[in-house]
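Presented below is the structure to which this report refers.
Note that the numbering runs from 1 along the sequence shown for the chain. No experiment lies behind these values; they were computed from the predicted model shown. We count ligands from 1, going down the list as the structure has it; atoms in each ligand are counted the same way.
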Amino acid sequence: MAFKLSEEFKAKADKICARYPRRDAALIPLLLELQKETGYVAEEGMDALAAFLGLPYSRVKAVVTFYTMFNREPSGKYHLQVCRNISCHMAGAEGLLARLSSKLGIAEGETTKDGLFTLSAVECLGACGSAPVMQVNEKYFENLTGEKLDALLDDLRHNRVMPR
Ligand code: FES
């Protein structure tokens, strides 16, 4: 069955479009909304959004593939995105990635069997002054240390911080 944008999504999308002089300018906010609904942006979702905005599919796909904030595959409840660019690298990002990989038993790009965590290494998150930084879904965790990371994982496992 073909993917259809929900009526609720379309109503929200119309409101977002109204904030911009042209509907296509709302592409990124709408992709973020779409991702919020299902946790990722599927090919069918890109296609439906392109039709909704009157854009070619290739333009939507180009935006989704350019920005690392868009997931193209289903991800875990918590998407752990560790920045590995220069400031974070120098502040220990590789050690944090290795720690996460070891504690969760997954490699970069994988999701834990319980569906809770997906691990990714990403490019600069724009918070270099508080490196090392990890983004979990839409929230940033900065000045991380191994101990802070362990405590954060524990909090996430027990729903003590930020749902999707
Ligand atoms: S280098 Fe990590 S946030 Fe910029």
Side-chain angles (χ1 to χ4, degrees), residues 9 12-13 16-17 19-20 24-43 45-46 49-50 53 55 58-164:
F9 176 88
K12 204 184 287 178
I16 293 172
C17 286
R19 292 184 210 146
Y20 297 89
D24 63 342
L27 177 56
I28 289 178
L30 293 188
L31 282 168
L32 288 170
E33 278 301 321
L34 198 57
Q35 177 161 277
K36 224 184 265 178
E37 282 199 351
T38 54
Y40 74 112
V41 184
E43 293 289 329
M46 292 182 224
L49 192 56
L53 289 173
L55 291 173
S58 58
R59 174 142 170 231
V60 178
K61 174 101 180 190
V63 169
V64 172
T65 52
F66 181 78
Y67 293 104
T68 57
M69 64 191 170
F70 296 118
N71 306 322
R72 281 179 285 152
E73 301 286 337
S75 64
K77 179 177 179 188
Y78 299 114
H79 188 187
L80 312 177
Q81 300 166 81
V82 179
C83 171
R84 66 161 24 145
N85 264 173
I86 190 71
S87 299
C88 289
H89 176 77
M90 291 179 71
E94 290 305 318
L96 296 179
L97 267 169
R99 193 178 187 106
L100 284 169
S101 180
S102 156
K103 286 189 94 72
L104 299 173
I106 53 173
E108 285 173 42
E110 292 181 348
T111 299
T112 52
K113 284 198 177 77
D114 60 7
L116 213 47
F117 300 105
T118 296
L119 179 61
S120 300
V122 297
E123 300 306 323
C124 182
L125 292 168
C128 320
S130 42
V133 181
M134 176 172 73
Q135 182 177 354
V136 183
N137 300 350
E138 292 170 12
K139 189 170 169 141
Y140 279 23
F141 294 87
E142 304 173 26
N143 297 305
L144 283 171
T145 60
E147 293 69 33
K148 283 186 186 172
L149 201 58
D150 292 351
L152 176 59
L153 279 185
D154 203 44
D155 284 346
L156 291 169
R157 278 201 175 99
H158 295 94
N159 267 329
R160 290 193 289 256
V161 280
M162 45 130 349
R164 169 169 268 159

Checklist entry - Among all residues two or more places apart in sequence or in another chain, which pass the side-chain hydrogen bond (donor to acceptor under 3.5 Å, both in side chains) test with D155? => result R160
Next on the checklist: Looking at Y67, I'd like to know if its OH atom is crowded, meaning that more than 12 non-hydrogen atoms belonging to other residues, nucleotides or ligands lie closer than 6.0 Å.
Outcome noted: no
Checklist entry - In the protein, how many N/O/S atoms are under 2.8 Å from atom 2 (Fe) of ligand 1? => result 2
Checklist outcome for this item: Sorted by chain and residue number, the side-chain hydrogen bond (donor to acceptor under 3.5 Å, both in side chains) partners of E94 (sequence neighbours excluded) come out as R84
Item to check | N137 and K36: side chain donor to acceptor below 3.5 Å | outcome: no
Next on the checklist: For the backbone of M69 and the side chain of Q35, can you confirm whether one donor and one acceptor N or O come within less than 3.5 Å of each other?
Outcome noted: yes
Checklist entry - How would you list all residue pairs meeting ring-ring contact (aromatic ring centres under 6.0 Å, His included) that involve residues 114-133, not counting sequence neighbours? => result Y78-F117
